[in-house]
Amino acid sequence: MASSQSQFSTPPSPVATVPEFAGNLPQRYLVDRVFKFATWVATAIAIAVLGWLLFDVLNQGLGRLSWQFLTSFPSRRPEDAGIIGALAGTFWVMIIVPIVAFPIGVGAGLYLEEFSNDTWFSRLIEININNLAGVPSIIYGLLGLAAFVRIMEPITGGRSVLAGALTLALLVLPIIIVATREALRAVPEGIRLAGLAMGGSRWQVVRDHVLPAAFSGVLTGVILALSRAIGETAPLITIGALTFVPFTPGCTENFPYFNPVDLVRCPVDVAQSPFTVMPIQIFNWISRPQAAFHENGAAAIIVLLVMLVLMNSIAIALRGRFQGRRS
Amino acid sequence: MPTEFSSPPDRSSLWRPNRSRSRQIESIVRIVCLVFAGISILTTLGIVLSLIFETFDFFLDPFFRQALWIDRLPDLLPDASEAQIQAVGDQIQALNPAQLNEASQAVGLEPPSPIAGFFYAITRFFTDRRWTPLFANDTDFGIFVLISATLMTTTIALIVAVPLGLLIAIFLSEYAAPKLRQVLKPILELLAGVPSVVFGYFALLTVTPFLQGLIPPLQGFNALSAGMVLGVSILPLVASLSEDAINAVPQDLRQGAFAMGATKRETIQAVVIPAALSGIVASIILAMSRAIGETMIVTLAAGQNPQPIDGNLGFINPFIPVMTMTAFIVQVSLGDAPFGSLAYKTIFAVGMALFLITLALNIVSYWFVRRFREKYD
């Protein structure tokens, strides 16, 4: 680095250096090749580590994966334990988080892109959102503990599904807002101008033309935010999600124990129920000493990763459609 | 209704937009959106207020007043013998900390003021060399015990992530063919999307046993494998942000260097990297902030043992179990601390320290980009 830099930063000295400069060309090319190889190796290491991780998880967990594992409640005996309680919790989180975060995130994005004049307030919100994106997730857990579990206890019922979902909704809000803004910015200005020229109000143009054009981009952001939310462990441990849950939220008594209709039929039962989620179940199993529980953890990781890969594939497909239409 | 073209149209059949109504709707929508945008500010306020409130509550806890009282006994009772002081100290120790004032008659001494207790608590927080907040006796609150463990795992993570991440960024932006890039980018995104609890599994049950084969004194929980896997987890962040910074360097600069006879590596090292340096440094600082706040990897793999800051140097030994700030918060949360207990307040005090450190790093990163960005137009 020092030698190559000096070639550029110091003025060229007398003619004598020129033959030398050309003379060590083979050596410089050799260093070039070594450097290129190093960048290649670094990339290969990253991929190899990912492959190692996936191989190890599959190797440990694939044998444990069965219908019984998917449909059983946790147990003290590792061979009887299953993930139905955690699946139900993750399922409810995936329903409640978007119900809260989608309108708020899209509304905030709309305000910043379409309605705000560049006032101090909108700049404050912008800086604030950037800062929120950098706050560690466990701090959101502390906020959830103080605000949702403690202060809002009459509504949330304490350490409940609702308290957890609200905490996660705040956590992923910056992701949805940023994605919404990017999608709105990608809509050509001509569409807005044309709508306004036809006599539409700002909101009519946004509702009928801008939002539909930006919708798949917004949806991509929401799916990515959700996939972040269902992988989060720390904030839910902090608000006190349980690690041993031999029941599921809601009022569906028989298999599969969770039913979206419960949200209308018995919303309070669902929202105020204690719960666990997939990552917490995994954490619980990994932190036990017995190897059989570690296998359960690996099997649950496979289920979680499959869910995440599915959601990300949908997001990537949507993004492809979105970009395709724009160009 | 007009039936013939010749007759003038009835005015009521013409399109007449209800402008006042759409204006009303628009202002309602605007206000709703404004409120939603304001929720992000409320979130920040909520975080800051709950941390400040509970942290103050922690420092004002009567426990510290009581401890200060016992500390001061030799000054308060200058004529007493050591055994007498010990006896009064035990008497104070036995008091309910919440009723110090009522109990003071029994001892016959004035307790220290709450303000004095507050400053004593802050001093203890920053100067104690052990972290034993959950002990019944001999309780110590040295936050630097936790901070040193966090810094150790973060440093190991950066040692892994910075060189690898930079080389990957250079490979992707300068060497990889577009087709290969299209394959590699989603793989990196996949790595970025792996939940931290999965990395925790990997660190504890895969990397640690592997490293124990190479380094026999390595214990089952240790900062080394936690830090290394932490490095892998922040690798995509360093790589993708650095790649963005490198891609933002205009092609002219590279071609200028090539025209001067520089090879590709010389161009990258002497022209491209310096030009992208502000973005690269910002990405490293952001990754550092992410590593400090990361929870599950260090909780699972680095252990739950705060190492005292003393001559044994356990607090900088990467082969033994340590306890990071985040791991402590998880430990207390799993133990279900009742509201208002000292343990409950302690996690907010630790959270406050964590929040301030990451906030400072985020601000530095933001400032760095603004201050040192090379602008090419």
| request: Look at B/R290 together with B/E294 and state whether they make a salt bridge at an N to O cut-off of under 4.0 Å. | output: no
| task | Would you mind checking if A/E113 and A/R181 are paired as a salt bridge, meaning a charged N to carboxylate O distance below 4.0 Å? | result | yes
| query | Considering heavy atoms only, which positions within residues 200-209 of chain B lie below 4.5 Å of chain A? | reply | B/Y201, B/F202, B/L204, B/L205, B/T206, B/V207
| field | Under 4.5 Å from a heavy atom of chain A, the part of B/L164 involved | value | both
| message | Is A/I237 in contact with chain B via its backbone, its side chain, both, or neither, using a 4.5 Å heavy-atom distance? | response | both
| said: Please evaluate residues B/F339 and A/L145 with respect to the criterion side-chain contact (heavy atoms from CB on, under 4.5 Å), reporting the C-alpha separation (whole Å), side-chain torsions for both, the decisive distance (0.1 Å), and the verdict. | reply: CA-CA 10 Å; B/F339 291 127; A/L145 180 62; 4.1 Å; yes
| So which part of A/L304 gets closer than 4.5 Å to some heavy atom of chain B, the side chain, the backbone, both or neither? | side chain
| task | Would you give the length of the straight line joining atom CZ of B/F355 to atom CD1 of A/I138, rounded to the nearest 0.5 angstrom? | result | 14.5 Å
| said: With chain B as the partner, which of A/T43, A/D32, A/L143, A/I286 has the greatest number of non-hydrogen pairs under 4.5 Å? | reply: A/D32
| request: Give the ring-plane orientation class for A/F293 versus A/W285, where under 30° counts as parallel, over 60° as perpendicular and anything between as tilted. | output: parallel
| request: Kindly check if the number of other-residue, nucleotide or ligand heavy atoms within 6.0 Å of CH2 (A/W52) is above 12? | output: yes
| query | With chain A, which of B/I363, B/L235, B/L354 has the greatest number of heavy-atom pairs at distances under 4.5 Å? | reply | B/L354
| Which region of A/R159, side chain (C-beta onward) or backbone (N, CA, C, O), has a non-hydrogen atom less than 4.5 Å from a non-hydrogen atom of chain B, or is it both or neither? | side chain
| field | Residue B/I268 versus chain A: region with a heavy atom under 4.5 Å | value | side chain
| message | Strictly below 4.0 Å, N to O, side chains only: are B/E266 and A/R28 in salt-bridge contact? | response | yes
| task | Could you check which of A/L170, A/L308, A/L132 has the highest count of heavy-atom pairs closer than 4.5 Å to chain B? | result | A/L132
| said: Give me each pair satisfying salt bridge (Lys or Arg N to Asp or Glu O under 4.0 Å) with a member in residues 184-204 of chain B, each pair once, sequence neighbours excluded. | reply: A/R319-B/E189, B/K185-B/E243
| Separation between CG of A/L142 and CD1 of B/I329, rounded to the nearest 0.5 Å | 5.0 Å
| field | Carboxylate-amine/guanidinium contact A/R202 A/E114, below 4.0 Å | value | yes
| task | Select, from A/V31, A/L110, A/I230, the one with the greatest count of heavy-atom pairs under 4.5 Å involving chain B. | result | A/V31
| task | Go through the atoms of A/A234 and report whether side chain, backbone, both or neither lie under 4.5 Å from a heavy atom of chain B. | result | both
| Among the listed options A/A44, A/G297, A/G105, A/P103, the residue most often paired with chain B at heavy-atom distances under 4.5 Å | A/P103
| message | Measuring from atom CD1 of A/I176 to atom CD1 of A/I129, what distance do you get when rounded to the nearest 0.5 angstrom? | response | 11.5 Å
| query | What part of A/A291 is in contact with chain B, defined as an atom under 4.5 angstrom from a non-hydrogen atom: side chain, backbone, both or neither? | reply | neither
| Which bit of B/S365 is near chain A, if near means a heavy-atom gap under 4.5 Å: side chain, backbone, both or neither? | neither
| query | Does a sphere of radius 6.0 Å around OH in A/Y29 hold more than 12 heavy atoms from other residues, nucleotides or ligands, not counting ones at 6.0 Å or beyond? | reply | no
| query | Between the side chains of B/S242 and B/S283, does any donor sit under 3.5 Å from an acceptor? | reply | yes
| said: Tell me whether the rings of B/Y175 and B/F171 are parallel (<30°), tilted (30 to 60°) or perpendicular (>60°). | reply: tilted
| query | B/V198, B/T295, B/T263: which one forms the most heavy-atom pairs within less than 4.5 Å of chain A? | reply | B/T263
| request: Could you check which of A/D56, A/I104, A/I239 has the highest count of heavy-atom pairs closer than 4.5 Å to chain B? | output: A/I104
| message | Using heavy-atom distances under 4.5 Å, tell me whether B/F221 contacts chain A through its side chain, its backbone, both, or neither. | response | neither
| field | Separation between CE of B/M296 and OG of B/S196, rounded to the nearest 0.5 Å | value | 6.0 Å
| Interface moiety of B/Y344 toward chain A, non-hydrogen atoms closer than 4.5 Å | side chain
| Proximal component of B/E54, with respect to chain A [non-hydrogen, under 4.5 Å] | side chain
| remark: CE (B/M352) and CD1 (B/I347) are apart, to the nearest 0.5 Å, by 14.5 Å
| task | Go through the atoms of A/I301 and report whether side chain, backbone, both or neither lie under 4.5 Å from a heavy atom of chain B. | result | side chain
| message | Using heavy-atom distances under 4.5 Å, tell me whether B/L49 contacts chain A through its side chain, its backbone, both, or neither. | response | neither
| said: Looking at chain A, which one of B/V32, B/L51, B/T358, B/L300 has the largest number of heavy-atom pairs inside 4.5 Å, strictly under? | reply: B/L300
| message | Distance check, rounded to the nearest 0.5 Å: A/L50 atom CG versus A/I47 atom CD1? | response | 8.0 Å
| said: Using heavy-atom distances under 4.5 Å, tell me whether A/S227 contacts chain B through its side chain, its backbone, both, or neither. | reply: neither
